[in-house]
Amino acid sequence: MDRHAATTALAVSHQLTADQTRQLRELAGLASEPEQLRTLAPKVLALLAAALGGFGLLLWIAANWGDLPTTARFALLEALLLVSMVGAWGMPNARKALGLMAFICIGGLLALIGMTYQTGADPWQLFAAWAFLSLPLALALRSDMVWTPWALVITAFMALWLQAHTQHTWRMEEQDFQLGLLVWLGSFLVLVWLSPQLRRITGAGSWSLRWVALQMAINITALALAALSSWHGSALAYGLALLLLLGLAAYLASPFAFDMFGLCAAALGFNVLVVFGIGNLMLSSWQHRDWFTALLVIGLSAAGLLTGSVKLILMAARRAKESA
């Protein structure tokens, strides 16, 4: 229960005076500054300053593209990259924020090269090079402030690569199944790389892991739904997607890697696939379609799956809390 609401309820129920209410709020820790605010606020402000500073320079260069010579564009970005790298090396207190600015500058330089020299590279190649070149930076800084945008970049690379090689988005043909498997495998490898078991090497935190788990659940669910709706031999892709989502949920529910956010994403993807499969089976196989009965069965199945998923997630959270 919220402490503000709890203290107000106690004051009203016991008819406390103003002085007594003030003492109660002091005992509850509501009369002073939150303990984590003093340490959290500078980190958040530094993160915003680094992100907005690097992104602002990129927008300024884009806005003045015609007035700036090519050497000036590169000089500005390279100078900011050099300053942020040297600052991250020499100022430990600002290391993470300056590392994030350096990460943004790497991507900006790659985009500037592609726009200036018209290399003809696909967007997925830009994101792949960005993730590869910034990997040493993320390993050196060992902070989720850099690992989280790195996870954004590498998942964007996999999504753009799949779209470039399949030439469509909302359907999957038989020849596209192997490409989808490669994306699933790549997402799994990134998930393992950012897992708590390798945290001593990477220094990655929970937010990068959550993003990869969310994207993995979305990719598996979306590709399986696309296969189920467009490919007659989609039983293999559908069954494999269910097994992968179950495996992802089991891993994120384990006490040594428990994460509520990722577990909920995996459970939601599994529920969507099961409900969609039930609906597809019922509505496509019945000769005399009783729409009311079909929708009733689908709704009851969705409600039952949701209830069971919530119960299992709460059990996993309780077990992880007890083992912590």
Side-chain angles (χ1 to χ4, degrees), residues 42-44 46-58 61 73-117 119 121-162 182-183 185-216 257:
K43 294 180 181 179
V44 174
L47 171 64
L48 291 175
L52 294 177
F55 190 58
L57 179 62
L58 297 180
I61 292 175
R73 302 170 198 159
F74 280 98
L76 283 172
L77 273 179
E78 290 172 356
L80 183 60
L81 176 61
L82 180 61
V83 169
S84 58
M85 294 288 284
V86 173
W89 174 70
M91 294 186 294
N93 293 333
R95 181 166 296 163
K96 297 176 182 179
L98 292 174
L100 176 60
M101 185 177 290
F103 178 86
I104 295 173
C105 290
I106 292 173
L109 277 173
L110 291 173
L112 183 59
I113 291 172
M115 294 176 64
T116 302
Y117 299 107
T119 59
D122 290 330
W124 67 266
Q125 294 174 320
L126 167 65
F127 282 90
W130 191 358
F132 176 76
L133 293 175
S134 60
L135 182 59
L137 176 66
L139 285 171
L141 293 176
R142 298 177 55 82
S143 170
D144 225 23
M145 195 177 290
V146 179
W147 279 118
T148 300
W150 185 87
L152 291 171
V153 169
I154 199 164
T155 51
F157 146 66
M158 289 186 285
L160 291 171
W161 178 86
L162 181 64
L182 289 177
V183 171
L185 177 61
S187 301
F188 174 75
L189 293 177
V190 175
L191 185 74
V192 172
W193 174 247
L194 298 175
S195 65
Q197 287 69 40
L198 296 179
R199 194 162 290 171
R200 291 183 298 177
I201 300 174
T202 62
S206 57
W207 284 105
S208 56
L209 179 70
R210 289 170 182 172
W211 174 258
V212 176
L214 175 63
Q215 289 300 306
M216 187 175 179

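Everything numeric in this text was worked out from a predicted model, so none of it was measured.
Applying the side-chain contact (heavy atoms from CB on, under 4.5 Å) test to R142 and every residue at least two apart in sequence or in another chain returns nothing. Residues forming a side-chain hydrogen bond (donor to acceptor under 3.5 Å, both in side chains) with S208 (at least two apart in sequence, or on another chain): D144. Legend: residues meeting side-chain contact (heavy atoms from CB on, under 4.5 Å) with A51, ordered by chain and number and at least two apart, are L100, I104. For R73, there are no side-chain hydrogen bond (donor to acceptor under 3.5 Å, both in side chains) partners two or more places apart in sequence or in a different chain. For T155, the side-chain hydrogen bond (donor to acceptor under 3.5 Å, both in side chains) partners at least two apart in sequence or on another chain are W211.
Counting all heavy atoms, side chain and backbone alike, L76 lies closest to L57 at O-CD2, 4.1 Å. When all heavy atoms of A204 and L194 are compared, the pair lying nearest together is CB-CD2, 3.8 Å. Closest non-hydrogen pair, S206 versus R199, comes out as N-NH2, 4.3 Å. Shown here for K96 and V146, the closest heavy-atom pair between the two residues is O-CG2, 4.4 Å. The minimum heavy-atom distance between L209 and P196, with the atom names listed, is CD2-CD, 4.1 Å. Nearest approach of Q197 to A257, heavy atoms of both residues: NE2-CB, 4.3 Å.
The 12-atom threshold is exceeded at CZ of F74, counting heavy atoms of other residues, nucleotides or ligands nearer than 6.0 Å. Atom CH2 of W124 is surrounded by more than 12 heavy atoms from other residues, nucleotides or ligands within 6.0 Å.
Separating the CZ atom in F157 from the CD atom in Q125 is a distance of 9.5 Å, to the nearest 0.5 Å. Atom-to-atom distance recorded for Q215:CD and I154:CD1 is 12.5 Å, nearest 0.5 angstrom. Distance check: S134 OG to I106 CD1 gives 5.5 Å after rounding to the nearest 0.5 Å. Atom CG of residue L152 and atom OG1 of residue T148 lie 7.0 Å apart, to the nearest 0.5 angstrom. The distance from atom CG of L77 to atom CD1 of I61, rounded to the nearest 0.5 Å, is 4.0 Å. Between the CZ atom in F103 and the CG atom in L133 there is a gap of 10.5 Å [rounded to 0.5 Å].
Ring orientation note: the planes of W147 and W150 are nearly perpendicular, at an angle over 60° on the 30°/60° scale.
Sorted by first and then second residue, the salt bridge (charged side-chain N to carboxylate O under 4.0 Å, His left out) pairs involving residues 203-213 (not counting sequence neighbours) are R210-D259.
For the pair S84 (side chain) and L81 (backbone), a donor-acceptor distance under 3.5 Å is present.
The closest side-chain heavy-atom distance from M158 to S187 is below 4.5 Å. Looking only at side-chain heavy atoms (C-beta outward), V212 and W193 stay at 4.5 Å or farther from each other. By the 4.5 Å heavy-atom criterion applied to side chains, F127 and L110 are not counted as neighbours. Looking at heavy atoms from C-beta onward, R95 lies in side-chain contact with L141 at the 4.5 angstrom threshold.
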Q: Go through V83 and M101 one step at a time and tell me if the side-chain contact (heavy atoms from CB on, under 4.5 Å) criterion holds.
A: CA-CA 10 Å; V83 169; M101 185 177 290; over 6 Å; no
